[in-house]
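One structure below.
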There are 2 protein chains.
Amino acid sequence: MSRSPHPRRRATLASLAAELKVSRTTISNAYNRPDQLSSDLRDRIFAAAKQLGYPGPDPVARSLRTRRAGAVGLMITEPLNYSFSDPAALDFVAGLAESCEEAGQGLLLVAIGPNRSVEDGSAAVLAAGVDGFVVYSASDDDPYLPVVQQRHLPVVVVDQPKDVPGLSRVGIDDRSAMRRLAEHVVGLGHRQIGLLTMRLGMEPPNGTVKPAVADPQRLSTPHFHVQRERVNGVYDALAAAGLSRGSLTVVESYEHLPSSGGAAAEVALNANPRITALMCTADVLALSAMDHLRGRGIYVPGQMTVTGFDGIPDALRRGLTTVVQPSMDKGRRAGRLLHHPPRSGLPEVELLDTELIRGRTSGPPA
Amino acid sequence: MSRSPHPRRRATLASLAAELKVSRTTISNAYNRPDQLSSDLRDRIFAAAKQLGYPGPDPVARSLRTRRAGAVGLMITEPLNYSFSDPAALDFVAGLAESCEEAGQGLLLVAIGPNRSVEDGSAAVLAAGVDGFVVYSASDDDPYLPVVQQRHLPVVVVDQPKDVPGLSRVGIDDRSAMRRLAEHVVGLGHRQIGLLTMRLGMEPPNGTVKPAVADPQRLSTPHFHVQRERVNGVYDALAAAGLSRGSLTVVESYEHLPSSGGAAAEVALNANPRITALMCTADVLALSAMDHLRGRGIYVPGQMTVTGFDGIPDALRRGLTTVVQPSMDKGRRAGRLLHHPPRSGLPEVELLDTELIRGRTSGPPA
DNA sequence: CTGAAAGCGCTAACAG
DNA sequence: CTGTTAGCGCTTTCAG
C-alpha cells in the first residue's frame, strides 16, 4: 500500500518538510549540516526522501542561493577530437579533471567548434553556469576571450595567449626549452634544419590548409604564441651559434591530422633537400614524420635527425629526442589556481619545468 | 567622467532596470525577446549594460526560473586519460559535444575516478546542474548508475550496461559484428585462435592487473557487457563452424596501456603456441599486438593473422582487418536522444550499423 | 535542536 | 511595447 514513488509534482525540500511536518531548515540541515539535528530525525528524513523520490537539494536552486555554481568551465576553441588528438592535451584535461574532483567541482566543457557563429559561441560562454574559466591554448585574437572576461569570473589561461592583463596563466618557457633542444641539434653539427610547426594562425596561410613553408610575414602574425615562441627558440640557438636564419626552413602544418607530420616533412625536404635535421614543435608531428621517413627509406638518426616536443608516451617509447613538459600537472595547477586563488588577489603566472630528453633519434649529420 | 566600470556590488538585471528607470521585464526582454521592444531601447539597454559591466542574465538564476539547466552530464567512471586514450571514445565525446553545441547545451563532465569514495562520486552526480545524463560505457554493476537514476532526469546509456529498464541506449550489435569478423577468420582456415579483450570486470582477475588467460568463471561474471558480447560472438562463429570452445584462448588485458596489446599477445602465444590468429576486441589492442609481433619477427599476415575492432584512423591506415563502428555518430545520437526525446516518452534503443573491413592483416594460416 | 522570515536573480503570465 | 505580480527551490541569519 505504499504511495506512488513518483507523484505528479516533483518532490522538493518544501514538500518533504510538509510531509514530515518539520521546517524546511531542518531538511536543509539534514543534507548540509548533519550535526545540527538528531541522527534519528535525519534518518527519518532520508527515509521519507527515498520514499518520495526526492534526490536531495536541487543543484540549481542551491547554486543560486549560495552563489556558487560548483563547476569550472573549460573553454576550447577547436573541435574536440582535434584538440584531443594530442595526448598532451588529453593529459592536461585529465589533470584539470583531477583537481576539480578534489575540489568537489564539476567540469563544464565549453567547446566552440569552427562552424558556429561567434554569436552562438558567445552565448555558450555567457550561459555557462560556472565559478570560473580555464581557457586552453587560445589564439591571441580569440574572439571568445573578451566574452569570458566580461563575466567577471576568475580566469586561468593555459599556455596562450600570453600577457593578457589581469589573467593568471600556467605554462612553460617554450622559448628557452626549444632553444636548449635546438642547441643540442646544432651542437651535433646540423647546419640545414627543417622546423615543422602546428598552425601559426587561426586562418590558413595563403588560403591553403596543406603544409607550406612559412614566410617571415606569417611568422610575425600575432596568433599562436606558443608556436611562435618555439620557432624563436630555434632562431635563438642558431644566432648563438653564428648561423643565419636562412639555415632554418619552417613549415607550417595547418591541419592536425595523424599524417600531418609526414606531409610537412615532405614539404620541408622538397624546399631544402640539404636538410639533415627535422625539428618538430610537437611529438605527434615528429612521430608522423618518422613514419614518413621510414616509408621513404630514410634512416633515423643515421640519415636524418628528428626531434619533437611534449614528451607524450608514444614518443618516449620510441626513443624520440624531445622536451618533456608536465601536461597533466598543467591541468592540476590550472584547477588549483581557480579553486584556491592566490591570497594576494593578483594574477599569477606559473611556469612549469621541462626536461630535455636526448633520445635515439638525434645524431650527427651524415 | 564615466563611472567606475565595476561597482562594488555586481550588476544585476534589477539594478540595470533601476538605472534606466524601466521595468525588469523590459531588460529581460532585451536579452530574450528582442522583438518585444524597440530596437532603440534595446540598444540603450545594451549600452548601459556594457557600461555597468553587466554580462547578461545570470545563468544560474535563469536556470532556476526556466527549470532548464542548459547542460547535459556525461558520466564516465574511469580516469579520463584512461577512457580517452582510446580514439573511439574520443570520437564519441566529439560527437556528443557537437550535438550539444547544436542544441545550445553545455556538456558537463562527471568523471569519477577510482580513487574517490562512492559517497564523493554520488555527491558529484547529485550536484550536477544538468537536464539529463549520458552514461558512457559503464559496468553492469556501476555504483553510480542508481544515483543517476535517482535524479529522475532523462538518461541515455552508451554501449553498456544493457537492458537497464527504462533507460534509452545507443550502441551496436557487438555480438553479431564480432561473429561476422570471426567467421571471416575461421573461413580463412584458422583453428587455434587467440582473443585479446579489454577488462572484463571492475576488479582485476585473481588480483593481478597483468594480462592473463580468462577462465570460464571470469567470462561469466556480470560486468562489462560489451566485451562479453564480443567474446560470445567469436564463440558463436566457432560453434557454427563446428569448432570447440577449446580452440579459443581468451586473454584479458585489465589495464589499458599503449603496450597492453603486445603484453596480452605474448600471454596468449605462450598459453597456446599453436595460435595462428589473434583477434582483439579493440583496435588499440590489435595495433599494439602488431608492434609486438614485429619485434618478435613474426610476420603479419603471413605468420599471424591479426584483427581489431572499432575502426580508428590509425587502424584503417595500417590496413587492419577490423569492424568499423560509427563512434562519433554514437555521440551525436546520444545527444539527440536527450535533446529531442522520442515523442512516445518510452525509452528507445538505437543500434547503429557496423562494417567489416577485410584489411591486409588477415590471411590463411601458415 | 527547530522554525520564521528574507531573499539569491531571473522569467512568465497577465494587464495595461 | 511596457510594467506588476508571483514565484522557481533553496540556504541562512536570527530567535526560540
Side-chain angles (χ1 to χ4, degrees), chain A residues 7-45 48-49 52-70 123 126-131 151-153, chain B residues 7-45 48-49 52-70 123 126-131 151-153:
Chain A
R8 38 174 58 88
R9 180 98 191 145
R10 281 279 308 285
T12 70
L13 182 147
S15 69
L16 230 191
E19 183 80 10
L20 286 168
K21 303 197 193 313
V22 299
S23 90
R24 311 205 307 272
T25 307
T26 302
I27 310 288
S28 178
N29 282 339
Y31 285 97
N32 304 314
R33 306 179 166 190
D35 52 318
Q36 295 295 293
L37 48 100
S38 68
S39 65
D40 190 51
L41 177 53
R42 190 156 180 259
D43 290 346
R44 259 173 53 223
I45 289 175
L52 291 177
Y54 177 63
D58 179 283
V60 173
R62 167 185 277 166
S63 290
L64 177 58
R65 180 61 235 232
T66 61
R67 314 273 25 181
R68 282 182 292 103
L126 259 12
V130 298
D131 298 317
R151 295 224 19 208
H152 304 301
L153 295 172
Chain B
R8 40 173 56 88
R9 179 98 192 146
R10 281 279 309 285
T12 70
L13 182 146
S15 69
L16 231 192
E19 183 80 11
L20 286 168
K21 303 199 194 313
V22 298
S23 89
R24 309 203 308 269
T25 307
T26 301
I27 309 289
S28 178
N29 282 339
Y31 285 97
N32 303 315
R33 307 179 165 189
D35 52 318
Q36 296 293 292
L37 65 157
S38 67
S39 64
D40 190 52
L41 177 52
R42 188 155 182 260
D43 290 345
R44 261 173 51 223
I45 290 176
L52 291 176
Y54 176 64
D58 180 283
V60 173
R62 167 185 276 167
S63 290
L64 177 58
R65 180 61 236 230
T66 61
R67 313 271 23 172
R68 282 183 291 105
L126 259 10
V130 298
D131 298 317
R151 297 234 4 219
H152 303 303
L153 294 173

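Below, chains carry the letters A, B, ... as their sequence lines are ordered, and counting in each starts from 1.
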Open item on the list: Using OP1 and OP2 only, check whether a side-chain N or O of B/S38 sits under 4.0 Å from D/dC1.
Closed with: no
TODO: Let me know the distance between CZ of B/R67 and P of C/dC10, rounded to the nearest Å.
DONE: 17 Å
Open item on the list: Just N and O in the side chain of A/T66: are any of them under 4.0 Å from OP1 or OP2 of D/dC10?
Closed with: no
TODO: Could you check B/L41 against A/R68 and say which one's nearest nucleotide on DNA chain D is further toward the 5' end?
DONE: B/L41
- [ ] May I ask you to check whether A/N32 and A/R62 show a side-chain donor-acceptor distance below 3.5 Å?
- [x] yes
Task: pair A/L20-A/L16: side-chain heavy atoms closer than 4.5 Å - done: yes
Open item on the list: By nearest atom, which of the nucleotides C/dG9, D/dC10, C/dC1 is closest to the B/A61 side chain?
Closed with: C/dG9
Open item on the list: With a 4.0 Å cut-off on N to O distance, would you call B/R65 and B/D58 a salt bridge?
Closed with: no
Open item on the list: Need one value for A/L37: base, sugar-phosphate or nothing, where a base atom within 4.0 Å counts as base even if backbone is also close, heavy atoms only.
Closed with: sugar-phosphate
Task: Whole angstrom value for the distance that separates C1' of C/dC10 from CZ of A/R65 - done: 15 Å
Open item on the list: Please classify the nucleic acid contact of A/Y31 as base, sugar-phosphate, or nothing, using heavy-atom distances under 4.0 Å.
Closed with: nothing
Open item on the list: Please classify the nucleic acid contact of A/D35 as base, sugar-phosphate, or nothing, using heavy-atom distances under 4.0 Å.
Closed with: sugar-phosphate
Open item on the list: Just N and O in the side chain of A/S23: are any of them under 4.0 Å from OP1 or OP2 of C/dG3?
Closed with: yes
TODO: Establish, with yes or no, whether the OP1 or OP2 oxygen of D/dT12 is under 4.0 angstrom from a side-chain nitrogen or oxygen of A/R33.
DONE: yes
Task: Minimum-distance pair of heavy atoms, taken over all atoms of B/D131 and B/G70 - done: OD2-N, 2.8 Å
Open item on the list: Can you measure A/I45 atom CD1 to D/dC10 atom P for me and round it to whole angstrom units?
Closed with: 13 Å
- [ ] For the side chain of A/T26, starting at C-beta, report the closest nucleotide among D/dC8, C/dT2, D/dT11.
- [x] C/dT2
Open item on the list: Counting only side-chain heavy atoms from C-beta out, which of C/dG3, D/dT11, D/dG9 sits nearest to A/V22?
Closed with: C/dG3
Task: A/Y54 OH - D/dC10 C1' separation (whole Å) - done: 8 Å
Task: d(CG, A/N32; P, C/dT2) in whole Å - done: 15 Å
Open item on the list: Could you tell me how far apart A/K21 (NZ) and C/dC1 (P) are, to the nearest whole angstrom?
Closed with: 23 Å
TODO: Can you see which heavy atom on B/L13 is nearest to which on B/R24, and at what distance?
DONE: CD2-CB, 3.4 Å
Open item on the list: If I take atom CG in residue A/L126 and atom P in nucleotide C/dC10, what distance separates them, rounded to the nearest angstrom?
Closed with: 12 Å
Open item on the list: Could you check whether the side chain of B/T25 and the base of D/dT4 have a donor-acceptor pair of N or O atoms closer than 3.5 Å, going by distance alone?
Closed with: yes
TODO: Provide, to the nearest angstrom, the distance between the CD atom belonging to A/Q36 and the P atom belonging to D/dC14.
DONE: 15 Å
